[in-house]
Protein chains: 2
Amino acid sequence: MTIEIATKQQVEDLIAKYDYFLFDCDGVIWLGDHLLPSVPETLALLKKHNKQIIFVTNNSTKSRNDYLTKFEKLGIPGITKDEVFGSSYASAVYVDKILKLPKDKKVWVLGEKGIETELKEFGYTTVGGTDPSLSTTGAFDANDKRLENLDDDVGCVVAGLLFDINYLKLSLTLQYLLKKLPFVATNIDSTFPSKGKLLIGAGSIIESVAFASGRQPDAICGKPNQSMMDSIKAAFPGLAANPSRGLMVGDRLNTDMKFGKDGGLDTLLVLTGIEKKSDGSTTYVTNKLGDLAELL
Amino acid sequence: MTIEIATKQQVEDLIAKYDYFLFDCDGVIWLGDHLLPSVPETLALLKKHNKQIIFVTNNSTKSRNDYLTKFEKLGIPGITKDEVFGSSYASAVYVDKILKLPKDKKVWVLGEKGIETELKEFGYTTVGGTDPSLSTTGAFDANDKRLENLDDDVGCVVAGLLFDINYLKLSLTLQYLLKKLPFVATNIDSTFPSKGKLLIGAGSIIESVAFASGRQPDAICGKPNQSMMDSIKAAFPGLAANPSRGLMVGDRLNTDMKFGKDGGLDTLLVLTGIEKKSDGSTTYVTNKLGDLAELL
């Protein structure tokens, strides 16, 4: 039975019950470039009660540093890098800690700057990605020498959301996938919500090269996949020891809420993003995150 | 038991047994821009025996007229438009004859000129496709007004192979698919063979917008789908009445050979394209189509 947050007492009980507050960002903290109402007050309230705040985002176009800049710009100062878990960071952790890819191997990136930045922080050289020489338009040249001259040092493929997508980048990614290199997906969200529209998501780009190569990603590093939860628990042993002291706050049932539930956390659905009503499967539901501060 | 064509007698028997010779083009007649050996002689031989020749191709980037130009240029003159069945033409036939889309409705095209040309021949206006204003590169503008201002006259989506693919075109296609308009795929080949490489095929582009929209195409107009065979049989009633008088020649087991077999035709696999050996499932196998002329 989902509890609908409506009273001051409920908020006080909720704050007392959890030590770790995990937040999806888009649709919870902000909508695109607009901060949602009473969010800074709610975060300040949790910090005042010495709660650990953790941001968990599937958007791989940004690095953790990019997120800090965004928090600052929207009027939420004081967030630190170790409070932010993005799928680009989680993918870099996977390449380094799980795949143990040697540092002299390169990573082919089908994606944006966020992935490149996080991989570079782990000491990897990336190819593909935002390389301007690959930013082509118009007719495709079947004689393009880059399709012949693959980089033999590439030891892994990381794929995520990519706005500057083109036939050359997709076909080059296919060549590396056909070489049976490890295939890491940042996340598989089928759509990317933007300005009230659903645009092409990372999952729909990855689906294209997956279908072409006849392969599925070896790892998916975004919600609801638990490899990201494992990274978070590794960073916060208290949460690992007692997941029921954690609350996952999100706007999507099939990613955020599933992610929390699968990790043993309680869940709070907010209705400022994708979902417009509760389906009764979460621990709590409230119209917006800011209700917590407003009800107190 | 597959018959391996090796003697003059076998060729004579084969020519006597069939009235309709259906050919896949790439990997059978030509490889990219190179005519395969003894192909003109083989086609001339069949014509001399008053056989009906029919070319069946999944490549939707070309119209039937484009194919006539290509045949001419490669040294195979005298082919007529009614001997060529392409997936772009088959898609236009589907929109007109099966969907019966009114002519004042427009068609949104995710694809190349071939699709636009064939739809225009049926009297339709196309949007999207090769419109140069949609040929963007670099950063994607989330405020792009074209995502808001969809064309309400669009009544159908046709998707196929597209070299000038970008995030805007994919996301615009998604908007029309979310409107539940009929969704026609030219073909679903996962890869596009070019210069000895496997590049991204129509099916892998279509898979991306299908995954994003949570839909599958309502119709697939290329081999091995039988809607193309139905078009061919409608044009050649003799083949419809007696499919066993037809022979489908191709280089791919899962498209060409399946297409022929499902349509009740016998099949001849050639090894100049995708397949490098027989799997015993076709009626005949030979190294190359030109063997027919060379053995006589």
Side-chain angles (χ1 to χ4, degrees), chain A residues 32-33 61 110 112-113 130 132 134-148 150 161-175 177-178 188-215 254, chain B residues 32-33 61 110 112-113 130 132 134-148 150 161-175 177-178 188-215 254:
Chain A
D33 289 326
T61 65
L110 180 72
E112 296 278 343
K113 195 101 205 137
T130 60
L134 298 177
S135 185
T136 63
T137 184
F140 170 73
D141 176 12
N143 292 312
D144 196 310
K145 281 284 165 279
R146 290 169 289 191
L147 286 162
E148 307 283 337
L150 299 185
L161 184 58
L162 173 64
F163 297 119
D164 192 18
I165 189 174
N166 62 43
Y167 193 80
L168 176 63
K169 289 182 187 179
L170 290 172
S171 289
L172 280 167
T173 304
L174 174 58
Q175 306 314 304
L177 291 179
L178 291 173
I188 53 164
D189 297 50
S190 62
T191 57
F192 176 71
S194 170
K195 314 259 166 188
K197 296 273 171 199
L198 292 176
L199 307 182
I200 294 292
S204 297
I205 291 171
I206 292 163
E207 189 66 19
S208 178
V209 291
F211 187 74
S213 63
R215 296 181 59 185
N254 63 354
Chain B
D33 288 327
T61 65
L110 181 71
E112 296 278 343
K113 195 102 204 135
T130 60
L134 298 176
S135 186
T136 63
T137 184
F140 171 72
D141 176 12
N143 291 312
D144 197 310
K145 281 284 165 280
R146 288 169 289 192
L147 287 162
E148 308 283 338
L150 300 185
L161 184 58
L162 174 62
F163 296 118
D164 191 18
I165 190 174
N166 62 43
Y167 193 79
L168 176 63
K169 289 183 187 180
L170 290 172
S171 288
L172 280 168
T173 305
L174 174 57
Q175 306 313 307
L177 291 179
L178 291 173
I188 53 164
D189 298 50
S190 62
T191 57
F192 176 70
S194 169
K195 313 261 168 187
K197 297 270 170 203
L198 292 176
L199 307 182
I200 295 291
S204 297
I205 293 171
I206 292 164
E207 190 66 19
S208 178
V209 291
F211 188 73
S213 63
R215 296 181 58 185
N254 62 355

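Each chain gets a letter, A, B and so on, in the order the sequences are listed, and its residues count up from 1. Note that the coordinates shown come from a computational prediction; the quantities given were computed from them, not determined experimentally.
- Contacts of A:Leu198 with chain B are made by both backbone and side-chain atoms, with heavy-atom separations under 4.5 Å.
- With a 4.5 angstrom heavy-atom cutoff, A:Leu134 does not touch chain B via any of its atoms.
- For B:Ser204 against A:Phe211, the heavy-atom pair with the smallest separation is OG-CD2, 3.4 Å.
- For A:Glu112, no part lies under 4.5 angstrom from a heavy atom of chain B.
- Residue contact with chain B, scored on non-hydrogen atoms closer than 4.5 Å, involves the backbone and the side chain of A:Leu199 alike.
- The choice from B:Asp189, B:Ile206, B:Leu174 that makes the most heavy-atom pairs within less than 4.5 Å of chain A is B:Leu174.
- Across B:Val209 and A:Ile200, no two heavy atoms sit closer than the pair CG1-CD1, 4.3 Å.
- Options A:Phe192, A:Phe140, A:Tyr167 differ in how many heavy-atom pairs under 4.5 Å they form with chain B, and the most are formed by A:Tyr167.
- Of the residues considered (A:Leu170, A:Leu162, A:Thr173, A:Thr191), A:Leu170 shows the highest number of contacts with chain B, using heavy-atom pairs under 4.5 Å.
- In the displayed structure, A:Asn143 atom CG is contacted under 6.0 Å by more than 12 heavy atoms of other residues, nucleotides or ligands.
- Of the listed residues B:Asn166, B:Leu172, B:Leu168, the one with more heavy-atom pairs under 4.5 angstrom with chain A than any other is B:Asn166.
- Within the structure, every pair that satisfies the salt bridge (charged side-chain N to carboxylate O under 4.0 Å, His left out) test and touches residues 137-147 of chain A, not counting sequence neighbours, is listed here: A:Asp144-A:Arg146.
- The minimum heavy-atom distance between A:Leu147 and B:Lys197, with the atom names listed, is O-CE, 3.1 Å.
- Heavy atoms of B:Leu161 lying under 4.5 Å from chain A belong exclusively to its side chain.
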